[in-house]
Amino acid sequence: MKSEPTEYSIADLKADRVTCWDGVRNYQARNFMRDAMQINDGVFFYHSVVEPIGIVGEAKVVKCGYPDYTGWDRKDKHYDPKTSPANPIWSMVDVAFVRACGEVITLSRLRTIPALEKMEILRRGSRLSVSPVTEEEYKTILTLREW
DNA sequence: GCCAACGTTGGC
DNA sequence: GCCAACGTTGGC
């Protein structure tokens with residue numbers, strides 16, 4: 001799960017302990033949250049845009065896909081007039097903090113790992129803010145450092 | 001700050 | 001239903 005740390009960082013998640021992953025307004029990313037993510041699924045928290053870019057921690061799913069109610073909140077920055085309580089379009093999950101990396105696992109390092117070659121987030125032009133990680137990729141990333 | 005890649009919109 | 005125009009994302 002990708003986030004710009006100026007918006008929401010791993011430190012924020014650590015402080016909050018649990019957060020709802022609201023504001024995703026992309027259908028593919030929504031589908032992963034709505035249809036695929038299950039309770040206790042592991043999640044890597046990725047900081048984008050701000051240096052150093054990369055994986056900064058681990059979280060887990062504690063609540064499965066449910067309507068993102070910020071979509072029909074006119075005051076919310078992710079307000080979307082197309083959605084409503086009667087017609088919920090967007091979904092979110094809740095994730096809980098698990099642990100932070102002592103040091104960021106940088107994007108440039110991830111790109112050097114052959115086992116991660118096909119990972120969605122490393123695909124050229126990938127812009128999905130929520131993307132799948134295979135079990136093998138997950139285990140590989142866990143070996144990259146002390147957690 | 002640039003720009004490639006991608007998703008969305010809307011005219012036809 | 002096509003596709004040009006536009007807006008956004010995000011690495012560099």
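A quick note: this is a predicted structure, and the numbers were derived from the prediction, not measured. Letters A, B, ... mirror the listed sequences (proteins, then strands); counts begin at 1.
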Using a 4.5 Å cut-off between side-chain heavy atoms of Ile, Leu, Val, Met, Phe, Trp and Tyr, which other residues end up in the same hydrophobic cluster as A:W72?
A:Y66, A:Y69, A:M92
Spatial distance of atom CD (A:Q28) from atom OG (A:S131) [nearest 0.5 Å]
9.5 Å
For residues 48-56 of chain A, which residues have at least one heavy atom under 4.0 Å from DNA chain C?
A:S48, A:V49, A:I53
CG of A:L122 versus C1' of C:dG11: gap in Å, rounded?
12 Å
Would you please test A:T140 and A:M119 for side-chain contact (heavy atoms from CB on, under 4.5 Å) and show each step?
CA-CA 11 Å; A:T140 300; A:M119 192 158 78; over 6 Å; no
Give, for atom CE of A:M33 and atom CG of A:N26, the distance between the pair rounded to the nearest 0.5 Å.
9.0 Å
Would you compute the distance between atom CD1 of A:I141 and atom CD of A:E58 and round it to the nearest 0.5 angstrom?
9.5 Å
Protein N or O to nucleotides 1-3 of chain C N or O, pairs below 3.5 Å:
none

Pairwise ring pair (Phe, Tyr, Trp, His ring centres under 6.0 Å) hits with a residue in residues 111-133 of chain A, at least two apart
none
Are A:R25 and A:T70 linked by a side-chain donor-acceptor pair shorter than 3.5 Å?
yes
Hey, could you give me the CG/NZ distance between A:D80 and A:K82, rounded to the nearest 0.5 Å?
4.0 Å
Cut-off 3.5 Å, side chains only: do A:S84 and A:N87 have a donor facing an acceptor?
no
Quiz: residues 104-114 of chain A side-chain donor-acceptor pairs under 3.5 angstrom, not counting sequence neighbours:
from, atom 1, to, atom 2, distance (Å)
A:T106, OG1, A:S108, OG, 3.2
A:T106, OG1, A:R109, N, 3.1
A:R109, NH1, A:L144, O, 3.2
A:R109, NH2, A:L144, O, 3.2
A:R111, NH1, A:L122, O, 2.8
A:T112, OG1, A:R109, O, 2.6

For nucleotides 7-10 of chain B, list the nitrogen or oxygen atoms of the protein found under 3.5 Å from its nitrogen or oxygen atoms, one pair per line.
from, atom 1, to, atom 2, distance (Å)
B:dG7, O4', A:R127, NH2, 3.3

